[in-house]
Amino acid sequence: MLKYIIKRILMLIPVLLGATFIVFTVMDMTPGDPAVAKLGVDATVEQIEELRESMGLNDPFLLRYGRFIWKLIQGDLGTSYKNDLDVMEQIMQRMPYTFLLSFAALLFAILVGVPAGIISARRQYTIFDNCTMVLTLVGASAPHFWLGLMGVIVFAVKLGWLPAAYSASGSLATGIILPMLTLGMNSTALVTRMTRSAMLDVMNQDYVDTARAKGISEKTVVFRHMLRNALIPIITVLGLQFGSLLGGAVTTETIFAWPGIGRYIVESISNKDTPCVLGAVVMLAIIVTVINLLVDIIYAFVDPRIKSQYKSMVRRASKNG
């Protein structure tokens, strides 16, 4: 298992190189000048050129990218072009908000999607099942920006139940509800459909019939025998969805003025603040990779067969070596 973890960590290196190179190239090709954004339109040409030289913006592309990678190896994400603040400190200030929103959306998907999928599978082809499948189809298809705007119009403007945007002076509990629902709706739909599909795959297995023949209660059969064996695909979806939630937070945080990494990326792109965008991309890539690794490790605890298969594979590899 340790060798596998080290291998997965090493795989992060090409991922980071590829992601940062693409983002760096795109940011370099987009119109705009960080020196002009920092000094303002009233700055003279001499002032702009002097600032560009001091910021290293006149250096060749590969030299600037290589400088970023060298600092990244040393754990330095650089400083912002806009305000000269440390990028790592800015990200650490905003990361808890993104984590809070993503975890809330994932928790919403679990609490709603898993029970709905179980009930839908046990009541297959009933009115509840058909309505659930229609709602999940709509939920999985609707984009975040549309759900966010509809939520603001209905619950903030029309009904006045919830705030339209996050406010530092307002309540965090009420301010997170609309962003959470907007961000978690797609994940809820996918978790519901996956839970239903996984439950249908196991509910007619022989061990389920054997458990019922022993007189075990239906509740125990469902949760101990059926759901436990259906957890592998559900955990896979949840792990992948958390990465998607972090990425989808860009749109949601912008709509609701949520002070997280997503909004930070949008603001940095507007200012062509390349170090900030690259720093945020690096942090998100690391987090998503770690989460996927944790999901793989959880597999072994949920299903011991996977752990035994991995051990036998390692033994065969050591013998062949």
Side-chain angles (χ1 to χ4, degrees), residues 97-156 159 161-163 166 171-203 218-219 221-224 226-249 251-253 255-256 258 260 262 291 295 298 302:
Y97 288 96
T98 297
F99 266 114
L100 176 62
L101 179 58
S102 299
F103 274 121
L106 187 66
L107 182 62
F108 173 75
I110 295 172
L111 294 179
V112 176
V114 173
I118 294 174
I119 297 173
S120 184
R122 296 191 64 206
R123 300 180 181 179
Q124 190 179 14
Y125 302 130
T126 62
I127 296 178
F128 179 87
D129 182 34
N130 293 332
C131 292
T132 301
M133 290 301 97
V134 171
L135 290 176
T136 55
L137 180 61
V138 175
S141 305
H144 289 145
F145 69 86
W146 183 83
L147 290 172
L149 293 176
M150 291 301 101
V152 170
I153 293 174
V154 175
F155 295 104
L159 300 177
W161 292 352
L162 298 169
Y166 170 80
S171 173
L172 181 63
T174 57
I176 198 177
I177 294 177
L178 276 181
M180 176 194 69
L181 295 177
T182 300
L183 188 61
M185 197 62 67
N186 296 131
S187 297
T188 303
L190 293 176
V191 170
T192 301
R193 297 179 71 90
M194 179 54 68
T195 303
R196 178 182 182 274
S197 177
M199 290 292 290
L200 288 175
D201 288 339
V202 302
M203 65 189 307
E218 187 65 19
K219 181 179 178 181
V221 171
V222 171
F223 290 98
R224 185 174 179 180
M226 294 171 60
L227 181 59
R228 183 176 181 180
N229 287 279
L231 276 179
I232 295 298
I234 298 173
I235 291 174
T236 303
V237 170
L238 291 175
L240 295 175
Q241 281 304 301
F242 188 76
S244 299
L245 290 173
L246 291 173
T251 305
T252 305
E253 290 179 1
I255 293 174
F256 295 100
W258 189 260
I291 290 172
V295 170
I298 291 173
V302 174

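Residues: numbered from 1 along the sequence shown.
- Within the 4.5 Å cutoff, side-chain heavy atoms of R123 are placed close to those of I119.
- The distance from atom CD1 of I177 to atom CG of L172, rounded to the nearest 0.5 Å, is 10.0 Å.
- Listed here is the closest heavy atom pair of A140 and A189: N-CB, 3.6 Å.
- A distance of 11.5 Å separates CD1 of I291 from CG of L238, quoted to the nearest 0.5 Å.
- Using a distance-only test at 3.5 Å, with no hydrogens or angles considered, a donor-acceptor pair links the side chain of N186 to the main chain of G139.
- For the residue pair A109 and G184, the shortest heavy atom distance occurs at CB-O, 4.4 Å.
- If you take CE on M185 and CG on L183, they are separated by 10.5 Å, rounding to the nearest 0.5 Å.
- Applying the side-chain hydrogen bond (donor to acceptor under 3.5 Å, both in side chains) definition to pairs two or more places apart or across chains, those involving residues 130-142 are T136-R193.
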### Task
Could you go through the side-chain contact (heavy atoms from CB on, under 4.5 Å) check for F256 and T182 one step at a time?
CA-CA 10 Å; F256 295 100; T182 300; 3.6 Å; yes

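- Side-chain atoms of V191 and I110, non-hydrogen and from C-beta on, never get closer than 4.5 Å to each other.
- Separating the OG1 atom in T252 from the CE atom in M180 is a distance of 12.0 Å, to the nearest 0.5 Å.
- Nearest heavy atoms, G175 versus P179: O-CD, 3.2 Å.
- Residues forming a ring pair (Phe, Tyr, Trp, His ring centres under 6.0 Å) with F108 (at least two apart in sequence, or on another chain): none.
- Considering only residues two or more places apart in sequence or on other chains, F103 meets the ring pair (Phe, Tyr, Trp, His ring centres under 6.0 Å) condition with F99, F242.
- The 12-atom threshold is not exceeded at CD1 of I127, counting heavy atoms of other residues, nucleotides or ligands nearer than 6.0 Å.
- Judged as a side-chain hydrogen bond (donor to acceptor under 3.5 Å, both in side chains), the pairs with a partner in residues 105-122 (not counting sequence neighbours) are, in order, S120-D129, S120-R196, R122-E218.
- Applying the side-chain hydrogen bond (donor to acceptor under 3.5 Å, both in side chains) test to residues at least two apart or on different chains, the pairs with a partner in residues 97-117 are T98-E253.
- The side-chain heavy atoms of V237 and P233, taken from C-beta on, include no pair separated by under 4.5 Å.
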### Query
Under the side-chain contact (heavy atoms from CB on, under 4.5 Å) criterion, do I234 and L227 qualify, and how do the steps go?
CA-CA 10 Å; I234 298 173; L227 181 59; 4.2 Å; yes

Using a 3.5 Å cut-off and no angle test, enumerate the donor-acceptor pairs between side-chain atoms of residues 146-155 and protein atoms at least two apart in sequence or in another chain.
none

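- Atom-to-atom distance recorded for L200:CG and Q124:CD is 4.5 Å, nearest 0.5 angstrom.
- Using a 4.5 Å heavy-atom cutoff, the side chains of S187 and L106 are not in contact.
- Screening M226, M203, M199 against I118 for a side chain to side chain contact (heavy atoms under 4.5 Å, CB included) leaves a single residue, M199.
- Between I176 and W258, the closest side-chain pair of non-hydrogen atoms falls below 4.5 Å.
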